[in-house]
K.L.:
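Can you read through this structure? Questions will come right after.
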Amino acid sequence: MNCNDIIKKLRTTRNAERGELIYLLENITDGEREVLRRSAQEVAQEHFGNKIYIRGLIEISSYCKNDCLYCGIRRSNKNAVRYRLTPDEILSCCEHGYELGFCTFVLQGGEDPYYTDDLLCELIGEIKRKCPGCAVTLSLGERSYESLQRLYDAGADRYLMRHETADKAHYEKLHPKELSFENRISTLYKLKEIGYQTGAGFMVGSPYQTAATLAEDLMFIKKLQPQMCGIGPFVPHKDTVFRDEEHGGLNLTLTLLSVIRLMNPDVLLPATTALGTIDPRGRELGILHGANVVMPNLSPAAHRKDYSLYDNKICTGEEAAECLNCLKGRMRSIGYEIVKSRGDYAGV
Ligand code: 5AD
Ligand code: FES
């Protein structure tokens, strides 16, 4: 099969063999990528029209007990400036966002034991009281089944936790020994079992990644059937061992967004900040390749630059309202419209 045949197969059967995925990733030409892009954009439009969902991202803590080799807030980075937001500060961000029209708040942070189950349960309840009808998404890393269940029972709706790579040997090259690939994957299944709308995902162009490991990622997503999938290019951070590595490629990231859209037609798929970081029109291109979500930053401007997972991150100097207006303009420029609905997963 050539690339165009594989693209057709992806469109009609929503699947392909491992070998076909590898072949596509290694051989796709610019012309073929345009065919793939159009197909993915059509599928996204069948499900979401020209509507783009927004999620207000609140970066609650730059403390992390983990030491992932690629990440700027890894615990061994002595240069990282650490901060954590108090429940009141988080609540004010949500209330401000709610006034601006946000109906989803993503609480993201390093794995920081300060945020106990008791604290988070109370906070989730407060957010739901102060912002009626909103969705609360957590992105706080691996927690125990009991903890995830308690947070769900307290009202959390969704949980984002990228699997990072579906290849165990690759996972072990990106993470310290104490982190376990099996635990990562089983936590994702637990999240789904509990009832969370669950997000998996991976970095594109991370060190040691190959077309074969990417094919594993695509097949893993097909199998897990997450409601959301976050992918963005790896971007090196100056205080990590990967400081001299290249960032992930724009075209490869766009190709993967399109393939994910064809394989998972109704998945919620963001055009990420990392994509906007490697190319000034990255997020617009992401939407044109099948993405349907953007995540403007609602974090307090004073702490933005300290949530530094990778270098040169965009939107670190803007206020929430500026980020939202900027994205509205960007989406309008390509014929899309930001909507205020919660944007729940609508599939089965
Ligand atoms: N480049 C790009 N993405 C990164 N992340 C962490 N470090 C980097 C980096 N250097 C991503 C990971 C994580 C998410 C919150 O940010 O995929 O899951
Ligand atoms: Fe943050 Fe454009 S989205 S400034």
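All heavy atoms count here, side chains included; hydrogens, waters and symmetry mates do not. In each ligand, atom 1 is the first atom listed, and ligand 1 is the first ligand listed.
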K.L.:
Please name the residue in the list N292, V339, V43 that meets the side chain to side chain contact (heavy atoms under 4.5 Å, CB included) test with F48.
P.N.:
N292
K.L.:
In terms of residue, atom name and distance, what is the protein heavy atom nearest to atom 2 (Fe) of ligand 2?
P.N.:
C326 SG, 2.2 Å
K.L.:
Just by distance, no angles: are the side chains of T104 and R158 close enough, under 3.5 Å, to form a donor-acceptor pair?
P.N.:
yes
K.L.:
Hey, which atoms in ligand 1 end up nearer than 4.0 Å to a heavy atom of E164?
P.N.:
12 (C), 13 (C), 17 (O), 18 (O)
K.L.:
Please list the nearest protein heavy atom to atom 3 (S) of ligand 2 with its residue and the distance rounded to 0.1 Å.
P.N.:
R283 NH1, 3.1 Å
K.L.:
Tell me, please: is L327 in heavy-atom contact with ligand 2, that is, under 4.0 Å?
P.N.:
yes
K.L.:
Compute the centroid of each ring, for Y152 and then for Y196, and state whether the two points are separated by less than 6.0 Å.
P.N.:
yes
K.L.:
Specify the protein heavy atom at minimum distance from atom 16 (O) of ligand 1: its residue, its atom name, and the distance to 0.1 Å.
P.N.:
L309 CD1, 3.4 Å
K.L.:
Can you report which non-hydrogen protein atom sits closest to atom 7 (N) of ligand 1, along with the distance?
P.N.:
Y70 CD1, 3.4 Å
K.L.:
Considering only heavy atoms, which of V235, I231, L174 lies nearest to atom 10 (N) of ligand 1?
P.N.:
V235
K.L.:
I'd like the name of whichever of M203, H163, H247 reaches closest to atom 5 (N) of ligand 1 through any heavy atom.
P.N.:
M203
K.L.:
H237 and Y310: aromatic ring centres closer than 6.0 Å?
P.N.:
no
K.L.:
Are any of the side-chain nitrogens in R33 or D30 under 4.0 Å away from the carboxylate oxygens of its partner?
P.N.:
yes
K.L.:
Would you tell me which option among M161, E245, R162 has the nearest heavy-atom contact to atom 11 (C) of ligand 1?
P.N.:
R162
K.L.:
Going by the order shown, which atoms of ligand 1 are within less than 4.0 Å of some heavy atom of P233?
P.N.:
2 (C)
K.L.:
What protein heavy atom sits nearest atom 4 (S) of ligand 2, and how far off is it?
P.N.:
E318 CG, 3.3 Å
K.L.:
Has ligand 1 got any nitrogen or oxygen that is less than 3.5 angstrom from a nitrogen or oxygen of Q108?
P.N.:
no
K.L.:
Considering distance alone, does some N or O of H237 sit under 3.5 Å from an N or O of ligand 1?
P.N.:
no
K.L.:
Are the ring centres of H96 and F102 closer than 6.0 Å?
P.N.:
no
K.L.:
Please determine if E337 and R332 form a salt bridge, counting it only when a charged side-chain N lies under 4.0 Å from a carboxylate O.
P.N.:
no
K.L.:
Please report the C-alpha distance between F220 and H163 in whole Å, then the side-chain angles of each, then the deciding distance to 0.1 Å, and finally whether the ring pair (Phe, Tyr, Trp, His ring centres under 6.0 Å) criterion is met.
P.N.:
CA-CA 9 Å; F220 171 67; H163 61 284; 4.7 Å; yes
K.L.:
Is there a donor-acceptor contact under 3.5 Å linking the side chains of T213 and E216?
P.N.:
no
K.L.:
For a distance under 2.8 Å, tell me if C323 has an N/O/S atom near atom 1 (Fe) of ligand 2.
P.N.:
yes
